[in-house]
**Student:** 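Have a look at the structure that comes next, please.
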There are 2 protein chains.
Amino acid sequence: MSIPLKRQDPRTPSSYHLAVTVTALDLDSSAASLADKAYLAIRDQLIMLDIRPGDPIDDDERAKALGVGRTPVREALKRLEGDRLVVSYPRRGTFATGMDISDLAHISEIRVQLEPLAARRAAERAVRAAQVELEELAARIQEFDVSRLDRTELMRWDLAVHRAIYRAAGNPHLEDVLIRYDNLATRIFCLFLDRLPTVDEHVGEHVELLRAIAAGDADRADDLAREHVLGFDRAIRAVI
Amino acid sequence: MSIPLKRQDPRTPSSYHLAVTVTALDLDSSAASLADKAYLAIRDQLIMLDIRPGDPIDDDERAKALGVGRTPVREALKRLEGDRLVVSYPRRGTFATGMDISDLAHISEIRVQLEPLAARRAAERAVRAAQVELEELAARIQEFDVSRLDRTELMRWDLAVHRAIYRAAGNPHLEDVLIRYDNLATRIFCLFLDRLPTVDEHVGEHVELLRAIAAGDADRADDLAREHVLGFDRAIRAVI
DNA sequence: GGTACACAGCTGGTATATCAGAACTAGGAT
DNA sequence: ATCCTAGTTCTGATATACCAGCTGTGTACC
């Protein structure tokens, strides 16, 4: 066996983790591979309910719509299957996963453990640069007129807030799993968005949470994050 | 757009989730696709350190070794990348991920939250059939002479125990994430296995934990699971 | 009206061509 | 003589085309 290259060369990291981690805000990041782009595009369509639960996903059609071949689309769908955003029935097709009340319970059960942990760690470990970033985010969100934003824009900001916190927690594995379930939770959020009366309240919680983290108040960040998850769960449950 | 098939037909589930969930014990499950088989085979080689951290993984060579084409191997590697078991540097190759002390800390931080939760839920929710299954598992393990088993066999049983608990918890998402980090933790375990003095103690904890769950003692299961994770973390740290 | 057979669509797998980046080598300049 | 730079070559990644097997559906015949 010949080893053609030096063993571990940490120069250029894979774009994969970048693509998973990257916030939904920058779909136009041109550095990504076609598979990454397809993944992000379809993932967003899934989360924002451009593709609704149960909808069939035709890879050929998606490929044409995105202007790429079937391979990157297939790869994207495989990854989305790992994210539990699509389900594929062999020789039948792949479909956007269905959603039911038990899914919300299962996801909340995980998030209620890990979101407070991330918030706590972010408050403890966040360095100066991250603190000002979180502060700025809080300031921008506070200025929003929630009623004027469309649902997609609102969701993107929601996602961005959570991503920033996960990142600041300094645990890449924790970041992974939280992103995964935040996507699923956001999808449920979108499902019930028009029936939810208290969206602005949800956004207000973000501001408090971000401020607590930036201030380094770990206990308060922990509490707020837990309440944020539980409040989300209750809010959805109330309108079912 | 024509929809050729009925929308949601829950008859035949994808083999994907099966393959992820399936215990490492049955590699010979013939129902799986080539990609699933490649995934399980390579994953096991990664966990059991047949492929050591930092080793390059040549997809062509793996394909030949497994007697399949490159596509299923590439798909398997993509999935393993999602599991953080391999890292791919674009245009350079893919490698088994490196391991360092901070990884252990990060993984333990997650597991210490979720393993007790799973144990608790398993104790609360486990139905009759699952209870006897867990009891049987406990009985079989108790009979083992740890010193006589080789490392691979031991690890497979370790994995089997945890999988059984995760399954019994009745939360598929929780099962997902715990399997993922149990794999990573087991890989670390294997790395230090020959330096660890207290392997039999670790196995003994399994018996207690399984019995507590089967008995429906949620509080005790919670405690034992937490101690199990923390004990693991301490044991590794002691021999670094 | 029911059953069986044939056809079509889709997934999964493979092979192949193209593209891009990295390393190695050679040549020139200092 | 040594170092830097440019070009060539090699390898891995990506995309597309092709093939095979299976499933579901529709139609035709009994």
Side-chain angles (χ1 to χ4, degrees), chain A residues 1-19 30-41 55-82 86-96, chain B residues 1-19 30-42 55-81 86-96:
Chain A
M1 186 186 78
S2 70
I3 298 171
L5 300 167
K6 286 204 291 278
R7 297 298 279 276
Q8 278 282 68
D9 194 342
R11 224 169 309 169
T12 52
S14 162
S15 63
Y16 180 92
H17 300 151
L18 217 76
S30 51
S33 72
L34 292 181
D36 290 332
K37 282 210 265 285
Y39 172 75
L40 291 174
D55 278 359
I57 301 172
D58 180 7
D59 50 8
D60 210 358
E61 176 217 318
R62 285 291 113 183
K64 288 199 187 76
L66 291 166
V68 298
R70 271 175 66 217
T71 306
V73 173
R74 289 177 58 78
E75 189 179 313
L77 290 177
K78 278 273 150 40
R79 257 152 80 178
L80 290 166
E81 195 173 5
V86 307
V87 172
S88 113
Y89 300 93
R91 280 169 253 290
R92 301 286 303 286
T94 83
F95 303 83
Chain B
M1 187 186 78
S2 69
I3 297 171
L5 300 166
K6 284 204 292 279
R7 299 298 278 274
Q8 276 282 69
D9 194 342
R11 223 169 308 170
T12 52
S14 161
S15 63
Y16 180 91
H17 300 150
L18 217 77
S30 50
S33 72
L34 293 182
D36 291 332
K37 282 209 266 283
Y39 172 75
L40 290 174
I42 300 175
D55 279 359
I57 301 173
D58 181 6
D59 51 8
D60 210 358
E61 178 218 314
R62 285 291 112 184
K64 288 201 186 76
L66 291 166
V68 298
R70 275 175 66 219
T71 307
V73 172
R74 290 183 58 76
E75 188 180 313
L77 291 178
K78 280 272 151 43
R79 257 152 79 178
L80 291 166
E81 195 174 4
V86 307
V87 171
S88 115
Y89 300 92
R91 279 166 268 288
R92 300 286 304 284
T94 82
F95 304 82

**Student:** Side chain of B/Lys78: nearest nucleotide among C/dG12, D/dT14, C/dG13?
**Tutor:**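 Looking only at side-chain atoms, B/Lys78 lies closest to D/dT14.
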**Student:** Which dot-bracket string describes DNA chain D (Watson-Crick N1-N3 plus N6-O4 or O6-N4, or G-U N1-O2 and O6-N3, all under 3.5 Å; [ ] crossing; | other strand)?
**Tutor:** ||||||||||||||||||||||||||||||
**Student:** Between D/dA13, D/dC18, C/dT14, which nucleotide gets closest to the side-chain atoms of B/Val68?
**Tutor:**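 Shortest atom-to-atom distance from the side chain points to C/dT14.
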**Student:** What is the distance, rounded to the nearest whole Å, between atom CZ of A/Arg70 and atom P of C/dG12?
**Tutor:**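 That distance rounds to 10 Å.
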**Student:** Nearest whole Å is fine: how far is D/dT14 C1' from A/Leu66 CG?
**Tutor:**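 In whole Å, D/dT14 C1' and A/Leu66 CG are 16 Å from each other.
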**Student:** How long is the gap from NZ on B/Lys37 to CD1 on B/Ile42, to the nearest 0.5 Å?
**Tutor:**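 Spacing of NZ (B/Lys37) from CD1 (B/Ile42) equals 13.5 Å.
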**Student:** Flag the pair B/Glu75 / A/Lys78 as yes when at least one side-chain heavy-atom distance between them is below 4.5 Å, and no otherwise.
**Tutor:**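 In contact.
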**Student:** Under 4.0 Å, heavy atoms only, any strand: does A/Asp59 hit a base, just the sugar-phosphate, or nothing?
**Tutor:**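 It contacts sugar-phosphate atoms only.
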**Student:** D/dG12 C1' sits how many Å from B/Asp60 CG, rounded?
**Tutor:**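 Nearest whole value for this atom pair: 10 Å.
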**Student:** Please determine if a side-chain N or O atom of B/Arg74 lies less than 4.0 Å away from the OP1 or OP2 oxygen of D/dA13.
**Tutor:**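 The answer is yes; a side-chain N or O of B/Arg74 sits under 4.0 Å from OP1 or OP2.
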**Student:** Can you tell me how far C1' of C/dG12 sits from CZ of A/Arg92, to the nearest Å?
**Tutor:**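 Taking CZ of A/Arg92 and C1' of C/dG12, I get 16 Å after rounding.
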**Student:** In whole angstrom, give the distance that lies between atom CD of B/Glu75 and atom C1' of D/dT14.
**Tutor:**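 Spelled out: CD on B/Glu75 to C1' on D/dT14 is 16 Å.
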**Student:** Distance from B/Asp59 atom CG to B/Arg70 atom CZ, nearest 0.5 Å?
**Tutor:**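 Answer for the CG-CZ pair, B/Asp59 versus B/Arg70, is 4.5 Å.
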**Student:** Please test B/Arg62 against B/Ile57 for side chain to side chain contact (heavy atoms under 4.5 Å, CB included), starting from the C-alpha separation and ending with a verdict.
**Tutor:** CA-CA 7 Å; B/Arg62 285 291 112 184; B/Ile57 301 173; 3.8 Å; yes
**Student:** Taking only the side-chain heavy atoms of A/Ser88 (C-beta and beyond), determine which of C/dT14, C/dG12, C/dG13 contains the nearest atom.
**Tutor:**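 Closest nucleotide to the A/Ser88 side chain: C/dG12.
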**Student:** Return the value, rounded to whole Å, for the distance between atom CD of B/Glu61 and atom C1' of D/dT11.
**Tutor:**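 It is 15 Å, rounded to the nearest whole Å.
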**Student:** Once rounded to the nearest 0.5 Å, what's the spacing between atom CG of B/Leu40 and atom CZ of B/Arg79?
**Tutor:**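 It comes to 7.5 Å.
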**Student:** Taking atom C1' of C/dG13 as reference, at what distance in whole Å does atom CG of B/Asp36 sit?
**Tutor:**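 Atom CG in B/Asp36 sits about 13 Å away from atom C1' in C/dG13.
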**Student:** Over how many whole Å does the gap from B/Leu34 atom CG to D/dA20 atom P extend?
**Tutor:**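 To the nearest whole Å, that distance equals 16 Å.
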**Student:** To the nearest 0.5 angstrom, please state how far the CD atom of B/Glu81 sits from the CG atom of B/Leu77.
**Tutor:**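 Result: 8.5 Å between the selected atoms.
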**Student:** To the nearest 0.5 Å, tell me how far B/Thr71 OG1 sits from B/Leu34 CG.
**Tutor:**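 If we round to the nearest 0.5 Å, B/Thr71:OG1 and B/Leu34:CG are 10.0 Å apart.
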